Every structure is written in C-alpha cells, then in structure tokens.
Amino acid sequence: MWRRGIVLAALAAVVGLLMLLHSEIPNGVGNLGSLTETFLPWLGLFVPLLLVLAVLRRSATALIALLLPAVAWVNLFGGLLSDKSGKGGDFTVATHNVNAENPDPAATARAVAASGADVVALEELSDASRYEKALAGTYRYHSVQGTVGVWSKYPLKDARPVDIRLGWTRALRATVETPKGPVAVYVAHLPSVRVKFRAGFTAGQRDHSAEALGRAVAAEPIRDVVLLGDLNGTMNDRSLAPLTSQLRSAQGAAGDGFGFSWPAGMPMARIDQILVRGAKPVSAWTLPATPSDHLPVAARVKLG
C-alpha cells in the first residue's frame with residue numbers, strides 16, 4: 001500500500017509545488033512563469049484526476065501526497081469560490097471587448113447598456129459610429145480615442161488618449177463628473193499575447209504597455225480611479241504588477257467565482273478587468289454573451 005503509486009505521488013508533489021512556487025518560475029525562457037500564472041487555477045483539475053488514480057491504485061502514499069496540491073489550490077483560490085457581492089454602491093461600470101469583426105454592433109451595445117451601467121467602456125472598435133448610434137439614447141456623453149471608447153450618463157471632461165507605447169491609440173483617460181465627485185476612468189486594450197511553439201508565451205509588447213499604463217495611473221491626482229478594459233492577462237500574471245500593485249480587482253474583492261471572460265464560448269481566463277483605487281468594490285459579475293469572442297463584465301462600487 002505504501003510502495004504503490006510512487007509516480008502518482010511525485011506528480012501530485014510537482015503540481016503542488018507549481019502552485020506554491022509559481023512566482024519562482026522564470027520568465028526568461030518563453031515567459032513560462034506568466035503562461036503558468038495565466039491558467040494557474042486550472043492546475044486544480046489534476047487533484048480529482050490524481051485522486052481517482054490513487055484510489056484505483058490503492059496507494060496511501062499518493063493520497064497523502066495529494067494533500068499538497070489540494071491545500072495549495074484552496075489557499076490560492078478558495079476565497080474566490082464564495083459570493084462576496086454586497087448591496088449598495090453608487091457607481092456601476094461595465095467593459096467589453098466587442099471584437100473588431102463583430103457582426104452585430106447594435107445588439108452588442110444594447111446588451112452592455114442593459115446592465116444599467118453608469119459608464120461603459122468598449123475596446124476593439126473598428127467602426128465606432130455604429131456603437132455611438134446604438135448607445136446615444138442611454139449615454140449622453142462619450143469619447144472615442146483610437147480603438148477604445150467610453151460612454152457615460154454623467155458629464156465627461158479631459159478625455160484624452162494615453163500613450164501605452166504602441167504607436168497607435170488603444171488607451172484613454174477621462175474624468176467622469178458624478179454626483180459623488182470626479183472619477184478618473186481609464187480604458188485600455190493591452191496588446192495581445194500568443195503561445196508559439198518556438199517562442200513560447202510572447203507577451204513582451206503587452207508587458208511594456210502595462211508598464212506605461214501603470215505609470216499613467218500612478219500619476220493620476222484624482223482619488224477615485226477605475227481602470228476598465230481587456231488587459232490580456234489575469235490578476236495572477238506577474239507582468240501586470242505595474243497595475244495590480246496599485247489597483248484592486250473588483251471581481252476578486254466583490255465577485256462570485258472566478259468570473260472568467262475569455263473565450264466567450266468556453267471561458268478559461270479572466271483577461272477583461274475592472275480595477276479600482278479609492279473606490280470600494282461592492283459587487284462584480286459577468287454579463288451574458290454577445291456576438292463577441294469576449295464576455296462583458298460589470299461591477300458596482302462605492303465612491304468617496
């Protein structure tokens with residue numbers, strides 16, 4: 001009983017160590033550390049699989065070794081399984097990567113507006129005019145900068161592009177004049193990442209843009225800050241530290257579950273983020289699917 005299942009026990013130990021020491025996995029070779037952190041929650045699937053194999057093998061050694069990955073996963077993600085959403089709040093926001101090839105922009109815009117959000121951020125706009133027309137009846141104020149835009153029920157001012165070192169505009173900053181005071185709203189679509197056989201997890205351009213956006217947010221003088229957008233990375237990805245070190249995830253603080261947003265057909269990661277500073281997250285949720293390949297996400301926060 002004790003000698004059987006040594007291989008299974010070793011596999012369990014490796015999975016557990018990957019979860020516990022994920023921050024030590026180097027990014028020097030193919031950004032392997034960031035790739036692991038992007039899909040880190042899914043390592044938990046090895047626990048029930050190895051459990052079944054250990055029972056079939058009748059291996060006490062493997063069963064004991066399974067405690068390591070099980071405890072590590074619960075320690076990392078157990079808190080996300082509970083519903084942390086509360087009531088109240090005075091400012092609702094939503095963000096959606098609408099997909100440049102979206103076949104029905106009007107329906108997509110109406111679906112996001114149906115969330116009741118005071119402010120809506122859209123990314124990957126190929127024809128902003130179709131979204132402007134669909135949202136005009138709900139949102140009086142808006143600004144489009146490059147391929148990103150923000151729509152608001154409250155007055156906007158100081159809307160301008162944010163340089164995230166791409167050579168074209170995929171980020172903006174605007175002040176929303178709410179009844180509770182000004183809110184600095186940033187909308188961003190960081191560069192895409194790819195997994196390539198020879199190059200590994202290619203995320204260098206995204207990482208440089210995250211640094212530039214992080215500097216812009218750090219210099220923001222307004223107390224309440226909300227960052228909305230497709231960051232092409234999860235909160236676990238160390239390369240987004242320029243942002244995650246100074247902003248809170250609304251989903252992590254006040255959401256129900258993981259809130260995966262991509263790909264829409266079978267969500268495996270939350271790369272569409274609502275991050276805040278100053279404002280207190282009250283609730284966060286994922287909206288129903290649209291014709292896009294991303295799911296829209298929303299959050300309600302308390303200002304002031």
Side-chain angles (χ1 to χ4, degrees), residues 85 89-156 159 169-174 176 178 183 185-190 226-232 249-251 254-267 269-276 279 281-301 303:
S85 60
D90 44 37
F91 190 59
T92 302
V93 296
T95 182
H96 189 25
N97 179 325
V98 296
N99 188 354
E101 300 177 359
N102 193 308
D104 196 346
T108 299
R110 289 193 297 268
V112 180
S115 66
D118 299 304
V119 169
V120 167
L122 301 180
E123 304 87 47
E124 208 166 294
L125 297 170
S126 58
D127 184 0
S129 63
R130 300 178 70 179
Y131 294 94
E132 290 170 336
K133 182 178 180 180
L135 294 171
T138 305
Y139 300 95
R140 183 177 177 183
Y141 310 94
H142 81 281
S143 175
V144 174
Q145 306 286 338
T147 59
V148 297
V150 59
W151 280 257
S152 174
K153 294 179 179 178
Y154 303 122
L156 289 176
T169 301
R170 282 183 30 163
L172 67 81
R173 179 245 179 245
V176 180
T178 79
V183 178
V185 172
Y186 287 78
V187 181
H189 182 193
L190 297 188
V226 178
L227 169 59
L228 306 163
D230 175 6
L231 303 187
N232 271 306
S249 164
Q251 178 68 27
D256 180 9
F258 289 97
F260 293 149
S261 63
W262 177 87
M266 189 178 69
R270 185 182 179 90
I271 62 175
D272 301 276
Q273 307 290 355
I274 298 175
L275 308 181
V276 301
V282 173
S283 57
W285 62 98
T286 302
L287 298 172
T290 73
S292 173
D293 57 340
H294 291 242
L295 295 178
V297 297
R300 188 161 177 82
V301 301
L303 302 175

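What you are looking at is a predicted structure, and each value in this text was computed from that prediction instead of being measured.
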Show me the donor-acceptor pairs, under 3.5 Å and distance only, between side chains in residues 102-117 and residues at least two apart or in other chains.
unit_1, atom_1, unit_2, atom_2, d
Asn102, OD1, Asp104, N, 2.8
Asn102, OD1, Thr108, OG1, 3.4
Asn102, ND2, Val98, O, 2.8
Asn102, ND2, Thr108, OG1, 2.9
Asp104, OD1, Ala107, N, 3.2
Thr108, OG1, Asp104, O, 3.1
Ser115, OG, Val112, O, 2.6
Ser115, OG, Ala117, N, 3.3

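- Considering only residues two or more places apart in sequence or on other chains, Ala128 meets the side chain to side chain contact (heavy atoms under 4.5 Å, CB included) condition with Leu125, Glu132, Val144.
- Note: Trp262 and His294 have tilted aromatic rings, judged against thresholds of 30 and 60 degrees for the angle between ring planes.
- Atom CG of Asp230 and atom CG of Leu190 lie 7.5 Å apart (nearest 0.5 Å).
- The CE atom of Met266 sits 11.0 Å away from atom CZ of Phe260, with the distance rounded to the nearest 0.5 Å.
- The side-chain heavy atoms of Thr290 and Pro296, taken from C-beta on, include a pair separated by under 4.5 Å.
- Side-chain contact between Leu228 and Val185: present, with at least one pair of heavy atoms (C-beta onward) separated by less than 4.5 Å.
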- Worked verdict on Arg270 versus Ser261 for side chain to side chain donor-acceptor pair (under 3.5 Å): CA-CA 5 Å; Arg270 185 182 179 90; Ser261 63; 5.7 Å; no
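- Put simply, the side chain of Val150 reaches to within 4.5 Å of the side chain of Leu172, judged on heavy atoms.
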- Message: Under the criterion side chain to side chain donor-acceptor pair (under 3.5 Å), I'd like the reasoning laid out for Thr147 against His189: C-alpha separation, chi angles, the key distance, then a yes or no.
- Response: CA-CA 8 Å; Thr147 59; His189 182 193; 5.1 Å; no
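- In this structure, Asn99 CG and Glu124 CD are separated by 5.5 Å, a value rounded to the nearest 0.5 Å.
- With a 4.5 Å cut-off on side-chain heavy atoms, Thr95 and Val93 do not count as touching.
- Applying ring-ring contact (aromatic ring centres under 6.0 Å, His included) to His142 and the options Tyr154, Trp151, Tyr131 leaves one that passes, Trp151.
- Partners of Ala269 by side chain to side chain contact (heavy atoms under 4.5 Å, CB included), not counting sequence neighbours, listed by chain and number: Phe39, Thr234, Ile271.
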